[in-house]
Amino acid sequence: MSLDAAAPKPNWLSRLAHPGAFMGWSRPVLLPLGLLVGLLFALGLWFAFFNSPADYQMGDTVRIMYVHVPNAWLSQFVYGVMAVASLGTLVWRHPLADVAAKAAAPLGAGFTALALYTGSLWGRPTWGTFWEWDGRMTSTLVLFFIYLGIIALWRAIDDQLRAARIVAVVTLVGALDIPIIKFSVDWWNTLHQPSSILTPSGPRMPGSLLTPLFIMLVAFTLLFLLLLLVSMRTEILRRRADSLSRQAVGSA
Amino acid sequence: MSAFAAIVARELRLALRGGADALTLVLFFVMVAAVVPFAIGPDRALLQELAPGIVWIAAFLALLLGLDRLFRDDDADGSLLALREAAIPLEAVVAGKMLAHWLLTGVPLLVASPLLAVLLGMDSAAWGRTALSLLLGTPALTAFATIGAAITVSLRRGGLLAPVLMLPLAVPVLIFGAAMSSGGDGSGGAALFLAALSLVSVAFCPFAAALALRVSGE
Amino acid sequence: MSAFAAIVARELRLALRGGADALTLVLFFVMVAAVVPFAIGPDRALLQELAPGIVWIAAFLALLLGLDRLFRDDDADGSLLALREAAIPLEAVVAGKMLAHWLLTGVPLLVASPLLAVLLGMDSAAWGRTALSLLLGTPALTAFATIGAAITVSLRRGGLLAPVLMLPLAVPVLIFGAAMSSGGDGSGGAALFLAALSLVSVAFCPFAAALALRVSGE
Amino acid sequence: MAAMSLTAPPPNALPPQHLEVSGLGLSRGGRTLFEGLDLRLGHWETLLLSGPNGAGKSSLLLALAGVLRPDAGTLRWPGGERPLLHLLGHESAVKPRLTLAENLGFWRSVNGPTGMTPGAALEAVGLGGLDRIEAGHLSAGQTRRLGLGRLLVSRRDIWLLDEPTASLDAGGVTLVAGLLAAHAATGGGAIVATHDELALTTPATTLRLGLP
Amino acid sequence: MAAMSLTAPPPNALPPQHLEVSGLGLSRGGRTLFEGLDLRLGHWETLLLSGPNGAGKSSLLLALAGVLRPDAGTLRWPGGERPLLHLLGHESAVKPRLTLAENLGFWRSVNGPTGMTPGAALEAVGLGGLDRIEAGHLSAGQTRRLGLGRLLVSRRDIWLLDEPTASLDAGGVTLVAGLLAAHAATGGGAIVATHDELALTTPATTLRLGLP
Ligand code: HEM
Ligand SMILES: Nc1ncnc2c1ncn2[C@@H]1O[C@H](COP(=O)(O)OP(=O)(O)OP(=O)(O)O)[C@@H](O)[C@H]1O
Ligand SMILES: Nc1ncnc2c1ncn2[C@@H]1O[C@H](COP(=O)(O)OP(=O)(O)OP(=O)(O)O)[C@@H](O)[C@H]1O
Ligand SMILES: [Mg+2]
Ligand SMILES: [Mg+2]
């Protein structure tokens, strides 16, 4: 039941992915990655606040975009990561995949919450309301629900090996379903009411907005990777700890 | 710990440990209400107008559909049989379970209500009224749900029977609740009715439910 | 009798004998629809406009919130363990139970729909569309419910978790269902999507559910 | 508890009694199980119910506990109305999601803290040291032992036990015999439906139901 | 079935086998139950699992049935991959709402009609004539007997039984011994976890788990 039980296969990927090896190589990576993230954020924020024009109609609130869009993008990207990890759990039965999936869920929920929050903050000045049943917003909300459900599922099963496989089933069902949800919601909204509500469209953006946006996108994505590594490490340590304590209880 | 407190504590423990932790409870209500617009369309004005009704229907369905879980496990694992010999009368046991059930449904519903308000575009006044109406009305719903659960157990047939038995009883709660939260001129009276209804049904429920449970053994 | 047929037959027997769930579901469904006007006020025009949405919400919640009955008893009394050794694969067993579950939920909803139509003042055209949309959509809902039920079992006492997992996943069914039955210009497309959704999810569900059940034993 | 056994009755005194049943008739599902059944349960006494499967042992226990309504006959409780008693059915009334200590603690608070502490009770039924484990992780026999623990955390004069030794190992059977002896030694009475041979050290009578 | 027992092996031939297990290690809830366990189940053989409560008997059966995933070790089935077998757990897989005949009829169709008819099976487990009663009206022991009936309506070479005699009366225990003997006589193998003494007439080995 110990995580290191999985025998490392010859190919390099699974050698890296072996929990023991992972703990080895991930530690030295953390610090430089952290520095890089910090640097990118500094740069991106400087651009965002001092070196990009205020929007002619949205005014300074346009700067919310630099936080909003990266979070919105991560809300979907993280789920992708979880889906891949779930494949790893079900197909290759890889313990590290379990850990990755478990660690990613709260992060994904967090980014999605931020996307929702910044989005609705943005909505207030632009549309005069915190919430609009706009397709994109709604699908993000549903995605948020899915994240929370998955987190609750993780917490509901105490045997982590079982939990991993069951959650993996749900995550994959979700992975098939989320595109359908996204599509259906867009279709729904445009069906029920005329496209009167302004739907934010990217391409119309001038480059002066795009550069900082791009930097922030990269910064947030790297931030996610950093947090993922950290929480995976803590999760692995936690599991080693309880399997030891459980043995103790049992022999008592 | 007093016997009554012990029962409440156990119910809470079981619910919060067994799969449905507090997060899930709140989430559940948010979802049930958030799902409605998908069916009736995203038209803000309409949603705003219907919001109180939607919240109340969500509460109503959530409470009634979840109810048969209330005594089923205790019946299956022999706890119900043992509880007949408790140091407190079966009525008190039922009251304890009812209180716990309310804490596990009514309270999360209240917690969720601000979110619902945002999603359904209620203004703060409307939200206040709705929350208050829930506070006044959910005890009555819980009481009816408890009776329904007891009957389900004693008939040894679960499923939707209990909700069906209880729906007619619970309709007045829904009416007054919706009336109060939509805040017409009648809303003051509705509030009174709700409060009265809750008091009466909560006082009455333990006896009815305990009666049903006593019969259930045979 | 073939193994598959035997499973369907048993489910039907159990449901129809123990608590006549089919009937109660109809009643429940009708009552929910009957209750809604109380919550949103008696405005007839509004009701008529909302009718399809109301019907769909009732179906949606009735199916997804009632789901945990599907495997729970078989797990508790050891049948699930024994069914792993059936002459047909567990996937087929799940498919059988899913079919039975649909016959016991989807069909009653269809039966009840005319009543709802009357209660909510739908014209016959609207009713036809709604009934058809239920026919196309309920299989998908059943499939989601089945997966949810399989997961509940592996949690032992699932509580509200399974609905919380499955409600958001089933949103498209609700959207297309309501769209189709409200019969706007998009309703043709909605019908297609609904049918496709049902096909895919019904084809996919047995594997996901069986996987969850296999894990659940551990 | 050995000390308590000093309270055993002087040999030539008719011991007082917990329960006297006369002319009891019971039927289930339209079938008559027995009629005109008489029994008495004295202090310091254990009454063993034996008989083939389906004889009516469990049903009799339920009737005595007032769960089933008999067709005929009277139950006489010396105190006047029926005292609270311990009823252990086929199911052990254990909550899988709670730890062993929580399970017993609950019953102790609900039935009255008149017996051992949960920890001591767990020791007594051979589950010592497992306090913090979830009951759902127990084996069949361990679960039954936990069910027996309920009898110890609150003191009740009368025990009605339905197959207390179900799925217990040999050690468990002697353990049950020991519990019954200790209970009898304190003046308690017990009616026990069982298929196993309980080697009891205290006065015990056997009632065979459903003779073929 | 007596006729079939003619197929018993010539004394000096090594009987073929149903299952060979080597180096099996199993842990539950993070606790190791056993490691490096070897066992083989031959034709005509009955393997009795004994041991104290919590030793791991049920877990071993579940592992052999592929329900629990062992930490280590290999199961070798002569046929190559694992054949279908009969698994009787602590619960009897009986539906209270169905009649006895319906219960067995269901299992017969699902597991394959390769054994007795439901009526014959009910006779064999001592429930003859109760075909039309709802299983929910059975007593504990009668329910267990009905559970045993499932083994008879479909023929499977390997039986994994977890406490088949739980809550059975003396007659029931000998009945189980008889069923096992008949099964062995047809070349079948059985692994039986039990706390009772089964007086078996056919070759039986005993494996004690969890020696203290
Ligand atoms: C709660 C409210 C909102 C949510 C949940 C939300 C969600 C999203 C999502 C999911 C994306 C796509 C990100 C990607 O795939 O890279 C996005 C992009 C974007 N959103 Fe929002 N949004 C919300 C409100 C707003 C508001 C009020 C505005 C401005 C008026 C806005 C402007 C944008 C822009 C400019 C983009 C990037 C351009 C594009 O990807 O097309 N959003 N938002
Ligand atoms: N679901 C579970 N999760 C974790 N641990 C478990 C679980 N079920 C059993 N165990 C542990 O595994 C050990 C063996 O259990 P098992 O049921 O195999 O014992 P057993 O030999 O069948 O005992 P009994 O004779 O009482 O049936 C027990 O100590 C128990 O604590
Ligand atoms: N719920 C019920 N409804 C109708 N009849 C029942 C019910 N329960 C039991 N019976 C019948 O009552 C008779 C006695 O059942 P009971 O459980 O008392 O037997 P028992 O002596 O406890 O048997 P066992 O030793 O198997 O536990 C049985 O023949 C059974 O058919
Ligand atoms: Mg009995
Ligand atoms: Mg066991």
Side-chain angles (χ1 to χ4, degrees), chain B residues 1-22 24 69-100 104 150 153-154 156 206 210-218, chain D residues 26-29 58-59 61-70 82-99 101-115 118 134-136 143-144 146-147 149-151 153-162:
Chain B
M1 183 155 52
S2 88
F4 184 82
I7 287 172
V8 178
R10 179 182 80 149
E11 293 298 314
L12 296 181
R13 270 222 194 87
L14 284 173
L16 298 184
R17 209 173 279 173
D21 50 17
T24 320
R69 227 173 278 111
L70 196 49
F71 294 108
R72 197 187 55 220
D73 294 347
D74 281 344
D75 183 44
D77 66 16
S79 302
L80 207 50
L81 208 56
L83 282 170
R84 288 164 163 255
E85 298 297 323
I88 54 175
L90 196 54
E91 285 74 8
V93 174
V94 171
K97 288 179 78 78
M98 183 172 70
L99 172 58
L104 289 166
V153 163
S154 57
R156 285 281 182 311
L211 194 60
L213 289 179
R214 285 221 178 74
V215 182
S216 76
E218 304 180 2
Chain D
L26 185 64
S27 62
R28 248 183 135 172
S58 304
S59 305
L61 289 177
L62 290 178
L64 296 180
V67 177
L68 292 179
R69 184 174 295 104
R82 173 172 163 293
L84 288 176
L85 42 75
H86 270 315
L87 175 60
L88 177 72
H90 281 299
E91 299 296 332
S92 299
V94 162
K95 286 289 171 201
R97 280 279 171 183
L98 299 181
T99 68
E102 285 168 340
N103 267 291
L104 290 188
F106 168 73
W107 287 117
R108 189 160 193 263
S109 333
V110 165
N111 292 340
T114 52
E134 278 194 7
T143 308
R144 196 59 175 165
L146 180 55
R150 191 181 87 228
L151 309 174
V153 290
S154 314
R155 159 78 194 184
R156 296 279 167 93
D157 287 342
I158 306 179
W159 288 3
L160 305 180
L161 312 184
D162 199 347

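Sequence lines set the chain letters: A, B, ... in the order given, protein chains first and strands last, and positions in each chain run from 1.
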- Task: Take D/K95 and B/E11 through the salt bridge (charged side-chain N to carboxylate O under 4.0 Å, His left out) test and state the conclusion after the steps.
- Result: CA-CA 11 Å; D/K95 286 289 171 201; B/E11 293 298 314; over 6 Å; no

- Please state whether the side chain, the backbone, both or neither of D/R156 comes within less than 4.5 Å of a heavy atom of chain B. side chain

- Message: My understanding is that only residues two or more places apart in sequence, or in another chain, count here; which of them pass side chain to side chain contact (heavy atoms under 4.5 Å, CB included) with D/E102?
- Response: B/R13, B/R17, D/L98, D/T99

- Locate the shortest heavy-atom distance separating B/A82 from D/W107; write the atom from each residue and the value. CB-CH2, 3.4 Å

- Rounded to the nearest 0.5 Å, how far apart are CD of D/E91 and CG of B/D75? 10.0 Å

- Note on the structure: Max heavy-atom pairs within cutoff under 4.5 Å with chain D, candidates B/A3, B/A9, B/A76, goes to B/A3

Enumerate donor-acceptor pairs with a distance under 3.5 Å from any side-chain N or O in residues 87-96 of chain B to protein atoms, sequence neighbours excluded.
{"residue": "B/E91", "atom": "OE1", "partner": "B/R214", "partner atom": "NH2", "Å": "3.4"}
{"residue": "B/E91", "atom": "OE2", "partner": "B/R214", "partner atom": "NH1", "Å": "3.3"}

- Residue part contacting chain D, namely of B/L83, when any heavy atom lies under 4.5 Å: both

- Of all heavy-atom pairs linking B/D77 and D/V94, the shortest is OD2-O, 3.6 Å

- Message: Quick check: do D/L87 and B/R84 have side-chain heavy atoms less than 4.5 Å from each other?
- Response: no

- Item | Nearest non-hydrogen partners of D/S109 and B/A6, listed with the distance | CB-CB, 3.5 Å

- Message: Please report the interatomic distance CG(D/N111) to CD(B/E85), rounded to the nearest 0.5 Å.
- Response: 8.5 Å

- Item | Which atoms of B/A5 approach chain D - backbone, side chain, both or neither, heavy atom under 4.5 Å | neither

- Where does D/S92 contact chain B at under 4.5 Å (heavy atoms): side chain, backbone, both or neither? backbone

